[in-house]
Amino acid sequence: MEVKARAPGKIILSGEHAVVHGSTAVAASINLYTYVTLRFSTPSDDQDSLKLVLKDEGLEFSWPTNRIKQEFPESSAEPQSPAPPSCSVESAKSIASLVEGLNIPEAKIAIASGVSAFLWLYTSIHGFKPATVSFTSELPMGSGLGSSASFCVALAAALLACTDFVSLDLKQQGWQSFQEKQLDLVNKWAFEGEKIIHGKPSGIDNSVSAYGNIISFKSGSMTHMKANTLLKMLITNTKVGRNTKALVAGVSERMLRHPDAMAFVFSAVDSISQELTLILQSPASDDVLSVTEKEEKIGELMEMNQGLLQSMGVSHVTIETVLRTTLKYKLASKLTGAGGGGCVLTLLPTCILFTPHLDSDSVVRLRFRCRKSSC
């Protein structure tokens, strides 16, 4: 049997990092996906191993099922409950043992945490069944567009589709969608995978990847938003990789050193996210001036959020270069995701047509022209 699943990436409009400390964040899914293909082995395949294929990285890993059984002697070959357990210390050690023997190139060592999440999700849901699981993605890794969450959501969806815990017509051709309760289950499993990769994630990345559209997220509580304002965003990839877990830990350490000051920072971010939510959900209007005013307010909120992110210590010289470049055209920008590199969002007003040009060092240069003389 073969099952395919896909899950989208995301951008965070406001609230990254602060959301880990109880502030509101606003995020939206984007039409770039991670795809997973799960194929269980049959007797004719003569394969008694679990194989992971990362097509974009040109890497392939394999573990004999007997080796997996040795590492997880108390595990069952079948899932016992739909609810995901957290990865225990003992399981983490077993997974580490399985990953340590892999010949992962030094330049790609960052994928080790993703391989660990894969092993835990697969063995927790399907035990020791031999299979081949292949991944490909339209999302650049480590860029702030939710590649790891998309990875975990797509994997969880494919794995759960082959259990009795969700109900899907596997004989039907084409893409099928999970119902809300099934998405809840997918999201919970994906979050446990995200914890293996990032340590202490907020849950917003996997939530927006699982449910799509725009969401408001605070302290584990998610609200689906019906936005009435169409926004156009330019996404600039600085192509500077970063360690999300380290950046999240760095903000937490700054919180411990300056608890009062950082509490004010997080409170300000919360206010920005709440105001942004109100603007996005405000009634649509045919009045051009009204649309312009909305965009101006959103741009100001983005700039304020960026300033607060800088105070958290998560900006980067390449991010600042993009900010200075877009500021020359009076455009509002902010980092999205963990920062320290990754991607930058730039709000594009409706009165502007644009053509992006990438120079040799991957910093975006922009040309604009106005549709109206009043722009």
Side-chain angles (χ1 to χ4, degrees), residues 7 9 34-38 49-65 67-72 75 84-128 131-156 158-159 189-203 205-206 209 239-250 337-342:
T34 295
Y35 299 86
V36 57
T37 301
L38 165 64
S49 63
L50 174 61
K51 184 182 296 183
L52 170 63
V53 181
L54 304 176
K55 293 184 178 180
D56 302 314
E57 303 299 322
L59 297 175
E60 183 176 309
F61 308 112
S62 181
W63 300 268
T65 54
R67 172 77 194 286
I68 297 175
K69 289 179 183 179
Q70 290 174 0
E71 293 294 344
F72 298 94
S75 296
S86 292
C87 184
S88 65
V89 175
E90 293 75 15
S91 293
K93 290 180 180 178
S94 297
I95 291 171
S97 177
L98 291 172
V99 174
E100 284 171 1
L102 302 177
N103 187 23
I104 301 177
E106 185 65 28
K108 298 181 179 181
I109 197 64
I111 70 169
S113 60
V115 175
S116 298
F118 163 78
L119 284 168
W120 183 82
L121 286 169
Y122 187 92
T123 55
S124 296
I125 298 175
H126 285 291
F128 320 122
T132 298
V133 187
S134 302
F135 287 89
T136 185
S137 183
E138 299 164 342
L139 296 161
M141 289 180 58
S143 63
L145 299 182
S147 60
S148 66
S150 179
F151 173 91
C152 290
V153 171
L155 175 59
L159 295 175
W189 277 99
F191 181 56
E192 294 300 328
E194 276 279 87
K195 289 199 294 188
I196 293 174
I197 297 174
H198 295 305
K200 188 183 177 184
S202 65
D205 283 17
N206 51 277
S209 181
K239 294 190 177 180
V240 174
R242 73 281 189 280
N243 186 319
T244 298
K245 186 183 293 186
L247 287 160
V248 171

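- Considering only heavy atoms from C-beta on, Leu119 stays 4.5 Å or farther from Ser94 through its side chain.
- Under the 3.5 Å distance criterion, the side-chain polar atoms of Ser137 are matched with a main-chain donor or acceptor of Leu139.
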Side chain to side chain contact (heavy atoms under 4.5 Å, CB included) evaluation trace for Leu54 with Asp56: CA-CA 6 Å; Leu54 304 176; Asp56 302 314; over 6 Å; no
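- For the atom pair CG (Leu159) and CG (Leu38), the distance works out to 6.0 Å, reported to the nearest 0.5 Å.
- Ile125 CD1 to Trp189 CH2: the interatomic distance, rounded to the nearest 0.5 Å, is 4.5 Å.
- Judged purely by atom type and a 3.5 angstrom limit, Lys195 has no side-chain atom pairing as donor or acceptor with the backbone of Ser86.
- Of all non-hydrogen atoms in Val99 and Ser116, the two that sit nearest each other are CG2-OG, 3.5 Å.
- Lys108 NZ: more than 12 foreign heavy atoms inside a 6.0 Å radius.
- Taken from CD1 in Ile111 to CG in Leu59, the straight-line distance is 4.5 Å, to the nearest 0.5 Å.
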Side chain to side chain contact (heavy atoms under 4.5 Å, CB included) assessment of Val153 paired with Thr34: CA-CA 9 Å; Val153 171; Thr34 295; over 6 Å; no
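- Nearest heavy-atom pair, Ala7 versus Ser209, reported as atom, atom and distance to 0.1 Å: CB-OG, 3.5 Å.
- A ring pair (Phe, Tyr, Trp, His ring centres under 6.0 Å) with Phe135 is found for one member of Phe151, Tyr35, Phe61 and no other, namely Phe151.
- The side-chain heavy atoms of Asn206 and Pro201, taken from C-beta on, include no pair separated by under 4.5 Å.
- Using a cut-off of 4.0 Å between Lys/Arg side-chain N and Asp/Glu carboxylate O, Glu90 and Lys93 are scored as not salt-bridged.
- In this structure a side-chain-to-backbone donor-acceptor pair under 3.5 Å is missing from Ser150 to Gly146.
- Distance alone, capped at 3.5 Å, is enough to place a donor-acceptor pair between the Trp63 side chain and the Leu98 backbone.
- Note that CD of Glu192 is 12.0 Å distant from CD1 of Ile197, once rounded to the nearest 0.5 Å.
- Ile95 is listed as a side-chain neighbour of Phe72, based on a closest heavy-atom distance under 4.5 Å.
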Side chain to side chain contact (heavy atoms under 4.5 Å, CB included) between Ser148 and Glu194, worked out: CA-CA 7 Å; Ser148 66; Glu194 276 279 87; 2.8 Å; yes
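- Ser124 places a side-chain N or O within donor-acceptor distance of the main-chain N or O of Trp120, the cut-off being under 3.5 Å.
- Taking each heavy atom of Cys152 and Ala190 in turn, the nearest pair found is CB-O, 3.7 Å.
- Closest non-hydrogen pair, Ser134 versus Lys55, comes out as CB-CE, 3.9 Å.
- Between atom CG of residue Leu52 and atom OG of residue Ser62 there is a gap of 9.5 Å, rounded to the nearest 0.5 Å.
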Stepwise side chain to side chain contact (heavy atoms under 4.5 Å, CB included) check, His198 with Val248: CA-CA 8 Å; His198 295 305; Val248 171; over 6 Å; no
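- Residues Pro140 and Ser143 share a closest heavy-atom pair of O-OG, 2.9 Å.
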